[in-house]
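Here the structure comes first, spelled out in structure tokens, and everything after it is commentary.
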Amino acid sequence: MPELPEVETVMRGLEPFLTGAIITKAQKNRPNLRIPFPATIEHDLKGRTITHLRRRAKYILIHLKGGDILVIHLGMSGSVSIIEKGQRYNSQTHDHFVLHLKSGVRVVYNDPRRFGMIFMMAEQDYASHKYFVHLGPEPLGNDFSAPILCARLKGKQASIKQALLDQRVVVGVGNIYACEALYRAGISPMKKAGSIKGEKAELLVQAIRDVLKRAIKAGGSTLKDYKHADGSLGYFQHQFTVYGREKEACQRCDCDINKTGGIKRVVQSGRSTFYCPRKQN
DNA sequence: CTCCTGTCCTGCCGGC
DNA sequence: TGCCGGCAGGACAGGA
């Protein structure tokens, strides 16, 4: 589920509880998610102090005093909940990992499909780590621009939709926001990635930034302190403009939906794409 | 290299 | 009511 805005919102929700916290106990409730938990993770986290959190792509990086990083990826169905001091913890199916903090707070990772990942690495290995070394630019950072995007798309025969899902091109964009950004930019998802240039590229960069920023803002304003009543962090009901709206009227079209059929759904490399054939070409 | 397919896993929804 | 197929927002490995 989670793309950049959701991961960012989860991270912001964790920050006030985790920054400066001391881990008294780390508890894995099964041997693996998509990859095995490190065999010694419980031992390695015990007693550690968290200095700060940050996000890279769709990964949450929890920096520990002493130079290690605890990495969390939410996969498709991962979520994190905060159990505050004194609150009863009603454990749920698929609660796979729990951090107990000296403050009395517990941080619970739940993931039904187990496509998520939790692992550790030394800070010095971050840049060369196999999950991070190939990542493209952060879409909301300074090193994401039309020229940079064009350079990464150059010569690509795959569709622009597929290219936007490729984390080597730009990070954080998943199936939903790829659809939303292409709609906003007026670009057909089927267009060859390598053909996106000039003004089109400028529009696309701006559209990606806009949809992501707006979603983060919506998360922040919808969730009080990023937290639901049940302690879960980060996700909220979000209205998308094209995603999941097959056969609905396109907001930018004033044509007759009975004639046009409205928003279309197609499948590109196994993933649903939603778009308006009249406003995207 | 690039591109495509298969794969991990559970939950949910619609159709019969 | 229950069963079954299809689908789900990620991202890897492996093969063409």
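Keep in mind it's a predicted model, so treat the numbers as computed, not measured. Convention: sequence-line order gives letters A, B, ...; per-chain numbering from 1.
- Summarising the geometry, atom CE belonging to A:Met11 is positioned 6.5 Å from atom CG belonging to A:Leu53; distances are rounded to the nearest 0.5 Å.
- What separates CZ of A:Phe119 from P of C:dC12 is a distance of 10 Å, to the nearest Å.
- Residues A:Thr40 and A:Asp44 have side chains that bring a donor and an acceptor to within less than 3.5 angstrom of each other.
- When the P atom of B:dC4 is taken as reference, atom NZ of A:Lys156 falls 10 Å away, rounded to whole Å.
- Checking the phosphate oxygens (OP1, OP2) of B:dT2, no side-chain nitrogen or oxygen of A:Gln157 falls inside 4.0 Å.
- At whole-Å resolution of the value, CZ in A:Arg152 and P in B:dC1 are 14 Å apart.
- Taking CZ from A:Arg34 and NE2 from A:His73, the interatomic distance works out to 8.0 Å, rounded to the nearest 0.5 Å.
- Computed from coordinates, the A:Ile118 CD1 to C:dA11 P distance equals 15 Å when rounded to whole Å.
- Across A:Phe144 and A:Arg209, no two heavy atoms sit closer than the pair O-NH2, 2.6 Å.
- Residue A:Glu3 contributes atom CD, which lies 13 Å from atom P of C:dA8 at whole-angstrom precision.
- Although no hydrogens or angles enter the test, the distance criterion places no donor-acceptor pair under 3.5 Å between the side chain of A:Ser232 and the main chain of A:His228.
- By the 5.5 angstrom centroid cut-off and the 30-degree plane limit, A:Phe115 is classified as stacked against the base of C:dG10.
- Taking atom NE2 of A:His96 as the reference point, atom C1' of B:dC9 lies 9 Å away to the nearest angstrom.
- Heavy atoms of A:Arg34 sit under 4.0 angstrom from at least one base atom.
- Between A:Phe37 and A:Phe97, the two ring planes are parallel [angle under 30°; tilted spans 30° to 60°].
- For A:Lys130 and C:dA13, the shortest distance from a side-chain N or O to OP1 or OP2 is below 4.0 Å.
- The gap from the P atom of C:dG6 to that of B:dG6 amounts to 14 Å, rounded to the nearest Å.
- A close approach under 4.0 Å does not occur between any side-chain nitrogen or oxygen of A:His73 and OP1 or OP2 of C:dG10.
- Per the geometry, CG belonging to A:Asp95 stands 15 Å off P belonging to B:dT10, to the nearest Å.
- Among the heavy atoms of the strands lying under 4.0 Å from A:Tyr131 are primed sugar atoms or P, OP1, OP2 only; no base atom is included.
- For B:dC9, there is no paired base (Watson-Crick or G-U wobble, both distances below 3.5 Å).
- OP1 or OP2 of B:dC4 lies within a sub-4.0 Å distance of a side-chain N or O belonging to A:Gln162.
- Atom CZ of A:Arg271 is separated from atom C1' of C:dC7 by 11 Å (rounded to the nearest Å).
- With both pairing distances under 3.5 Å, C:dT1 is matched to nothing as a Watson-Crick or G-U wobble pair.
- Of the listed nucleotides (B:dG11, C:dA8, B:dC9), B:dG11 has the atom at the smallest distance from the side chain of A:Pro112.
- If you check every strand for non-hydrogen atoms under 4.0 Å, A:Arg168 touches nothing.
- OP1 or OP2 of C:dA11 lies within a sub-4.0 Å distance of a side-chain N or O belonging to A:Lys58.
- Spacing between B:dT5 and C:dC7 at atom P, rounded to whole Å, works out to 15 Å.
- At a cut-off of 3.5 angstrom, the base of B:dC9 holds at least one donor-acceptor pair with the side chain of A:Arg113.
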